[in-house]
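Notes for the one structure printed next.
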Amino acid sequence: MKVHPLSHLFALLVGLALLVGCNTSSTSNSGSSGLLADDAASAVYVPPGEYDEFYGFMSGGFSGQVSVYGIPSGRLLKVIPVFSVDAEKGYGFNEETKPLLNTSFGFIPWDDAHHPELSQTDGTTDGRWLFINGNNTPRIARIDLTTFETAEIIEIPNSGGNHSSPFTTENTEYVVAGTRFGVPYPQADVSIDSYAENFKGMLTYVKVDPESGEMSIAFQVLLPAFDYDLAHSGKGNSHGWTFFTSYNTEESHSLMEVGASQNDKDFIAAINWKKAEEYLAAGNFHEMPARYAHNTYDEATHSATSEMLESVPVLIPEECPGLVYFLPTPKSPHGVDVDPTGEYIVGNGKLSADLTVHSFSKMQDAIANSAFDGEIAGVPVLDFESVVGGVVKEPGLGPLHTEFDGNGNAYTTFFISSEIVKWRVGTWEVLDRVPCYYSVGHLMIPGGDSKNPEGKYMVALNKITKDRYLLTGPELCHAAQLYDISGDKMQLLLDFPTVGEPHYAQGISAERVQPNSKKIYPIEENEHPYRCTAEKDTRVERSGNVVHVYMTTIRSHFAPDNIEGIKVGDQVYFHVTNLEQDFDVPHGFAVMGAPTAELLIMPGQTETMFWEPQEEGVLPFYCTDFCSALHQEMQGYIRVSAANSDVALKWGLGEEEEVQ
Ligand code: RUQ
Ligand code: CUA
């Protein structure tokens with residue numbers, strides 16, 4: 001039996017992690033009383049009726065959703081369903097949104113969402129779209145920030161664990177997707193022991209249409225089966241490149257906590273995507289079979305469609321000189337963050353005592369001078385010393401992620417020492433440090449990964465909250481902490497719970513988003529094939545055992561509200577159009593015993609509930625969203641008869657009745 005050598009550093013870090021874990025309960029409540037607390041309270045106080053200065057978009061982690069917060073208040077504004085069904089909004093339950101969750105594995109009602117990423121123009125967040133990755137069944141979603149709804153989801157083939165995603169380029173030319181887990185390429189029934197031989201690591205570039213935002217896979221780059229963990233694209237001079245961190249360059253596939261921590265240095269894979277575009281244009285690629293779903297929601301029809309695609313262009317580094325370089329980076333790096341000037345690339349080696357910063361211009365020189373230290377799978381490995389731009393000495397333990405404030409400062413999270421450390425880009429000196437309660441993962445400064453950060457607030461996204469909040473049984477909330485970073489010293493202002501695990505977040509000035517926010521869907525633009533835009537057109541149609549109910553809703557009734565002639569075993573589609581044209585007047589629709597969620601229909605929208613009645617009887621339906629003083633009157637009945645009964649189809653509202 002082989003003995004796995006544990007490195008001393010690794011053992012030390014594990015020990016420290018345990019120590020921090022034990023100590024946490026004795027350090028609670030610090031800084032939460034006295035004058036400081038009063039100042040902090042007024043700094044985050046947004047008076048009733050006033051708006052927050054920033055939107056904060058937080059990943060919901062294993063909830064599969066995105067939550068929207070006001071900053072600095074920490075008030076929850078909305079939960080946007082993305083990868084998981086959401087009964088509150090009918091998402092993934094109504095017929096219109098189901099296709100969004102389609103994949104090559106079929107309908108998948110859940111995923112693990114990690115990194116929200118705002119679209120950018122000229123390196124500045126533009127408030128048009130928010131992208132987020134699904135980690136488990138590799139996907140990228142695009143949320144439209146005029147509606148705050150999921151507009152598109154594209155599956156990433158040849159990938160396993162879409163973690164290093166969906167970081168954007170400076171003008172949202174691309175969002176990227178790197179596989180965290182090596183998987184057989186092509187996917188096949190092979191021995192896991194054949195990892196080094198059969199498994200690969202694919203990096204994917206997803207093109208974003210500059211007008212519509214629509215995503216398409218532009219190309220994939222075939223690399224060794226390292227674990228590609230995070231990514232960020234260059235800016236300014238480094239625009240045209242993307243940097244992906246990797247760990248497990250050992251290509252271990254079992255007991256990874258040891259196996260993937262052997263090498264003193266892993267790599268950042270630097271991809272020259274402008275070069276990739278040249279190779280593609282020259283036809284220097286392989287169109288490879290790959291089955292993946294592309295799902296788009298059409299705002300005119302209020303419906304999503306799902307399409308299966310069958311191939312992707314793959315670039316192979318051996319055949320494409322200059323496409324990829326490996327930058328050696330100490331000890332299992334996690335985050336990789338590019339400073340606002342685009343010159344410095346911070347690879348956060350989570351088992352490294354120091355923070356290594358690579359220089360883009362040095363990297364260019366090293367490439368020009370062929371300062372290489374070998375080659376792996378056709379990828380030149382750059383000489384480490386030649387590409388290091390600077391080192392922050394012993395800043396803390398377990399660095400994970402770095403963001404920037406636009407004033408030449410960087411802020412790095414340290415998971416093990418549970419703190420954020422502020423340091424100066426260029427001089428590499430540590431300027432300040434603040435504790436986090438507890439064990440911070442990502443952090444977020446609005447625009448903090450763009451060319452133009454809005455460096456007023458910083459949010460720590462913490463993994464553990466024991467003793468910070470009232471207890472709620474074994475499962476506690478995850479949480480964020482808000483800091484003021486406008487001065488020399490970081491100052492803690494606020495703790496607030498989050499929905500699910502907030503891996504990463506993005507923030508943006510409210511003024512870049514709010515003016516474009518949609519209030520209603522104009523009814524005359526509704527192109528849903530089963531819309532009903534006037535009450536007089538409401539009807540029930542049967543064809544065989546398929547029944548379509550064309551229903552409308554307006555304060556405070558459904559039309560029709562009495563339906564008879566439905567039979568056990570029918571396939572009933574309730575197409576409900578909300579005729580309201582006033583802001584903030586959705587109606588809900590729920591049927592007793594229907595094994596699905598409600599519909600929640602926005603003004604001008606049509607949504608569809610599918611139902612197969614199982615038993616005879618008369619079942620009530622009603623509006624679930626309190627919409628007027630007569631909301632409670634907003635109800636109706638549907639009569640279900642035996643499969644062989646001859647009860648005629650009949651529907652009506654008040655005195656008027658129609659029979660088919
Ligand atoms: S992760 S805590 Cu982005 Cu999923 Cu770093
Ligand atoms: Cu409509 Cu309540």
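Just follow the structure's listing: the first ligand is 1, and inside any ligand the first atom is 1. All values derive from a computational prediction rather than experimental measurement.
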Point to revise | Ring centre gap for Phe574 and Phe589 strictly below 6.0 Å | key: yes

Check your understanding: Is the Phe226-Tyr247 ring centre distance short of 6.0 angstrom?
Key -> no

Review point. More than 12 non-hydrogen atoms from neighbouring residues, nucleotides or ligands closer than 6.0 Å to CZ on Phe626, yes or no?
Key: yes

Review point. Would one find more than 12 heavy atoms of other residues, nucleotides or ligands at under 6.0 Å from atom OH of Tyr622?
Key: no

Check your understanding: Between the side chain of Asn578 and the main-chain N/O of Val585, is any donor-acceptor distance below 3.5 Å?
Key -> yes

Check your understanding: What is the total of protein N/O/S atoms that are closer to atom 1 (Cu) of ligand 2 than 2.8 Å?
Key -> 4

Study note, to complete from the structure: side chain to side chain contact (heavy atoms under 4.5 Å, CB included) test vs Tyr504 passes for just one of His114, His442, Met58, namely His442

**Study point:** Under 4.0 Å to a heavy atom of Lys463 - the qualifying atoms of ligand 1, by number
**Key:** 2 (S)

Point to revise | side chain to side chain contact (heavy atoms under 4.5 Å, CB included) partner of Arg139, the single match among Ile154, Ile153, Asn162 | key: Ile153

Check your understanding: Looking at Phe148, does the NZ or CZ of Lys78 lie under 6.0 angstrom from its six-membered ring centre and within 45 degrees of the ring axis?
Key -> no

Revision key, fill the gap. Here the atoms of ligand 1 under 4.0 Å from any heavy atom belonging to His163 are 1 (S), 3 (Cu), 4 (Cu)

Practice item. For Asp227 and Arg180, run salt bridge (Lys or Arg N to Asp or Glu O under 4.0 Å): C-alpha distance rounded to whole Å, both residues' side-chain angles, the deciding distance at 0.1 Å, then the answer. Key: CA-CA 4 Å; Asp227 289 36; Arg180 175 166 150 221; 5.0 Å; no

Study note, to complete from the structure: Near atom 5 (Cu) of ligand 1 (protein N/O/S, cut-off 2.8 Å, waters excluded) we have His334 NE2, His401 NE2

Check your understanding: Taking side chain as C-beta onward, heavy atoms only, is Phe244 less than 4.5 Å from Val176?
Key -> yes

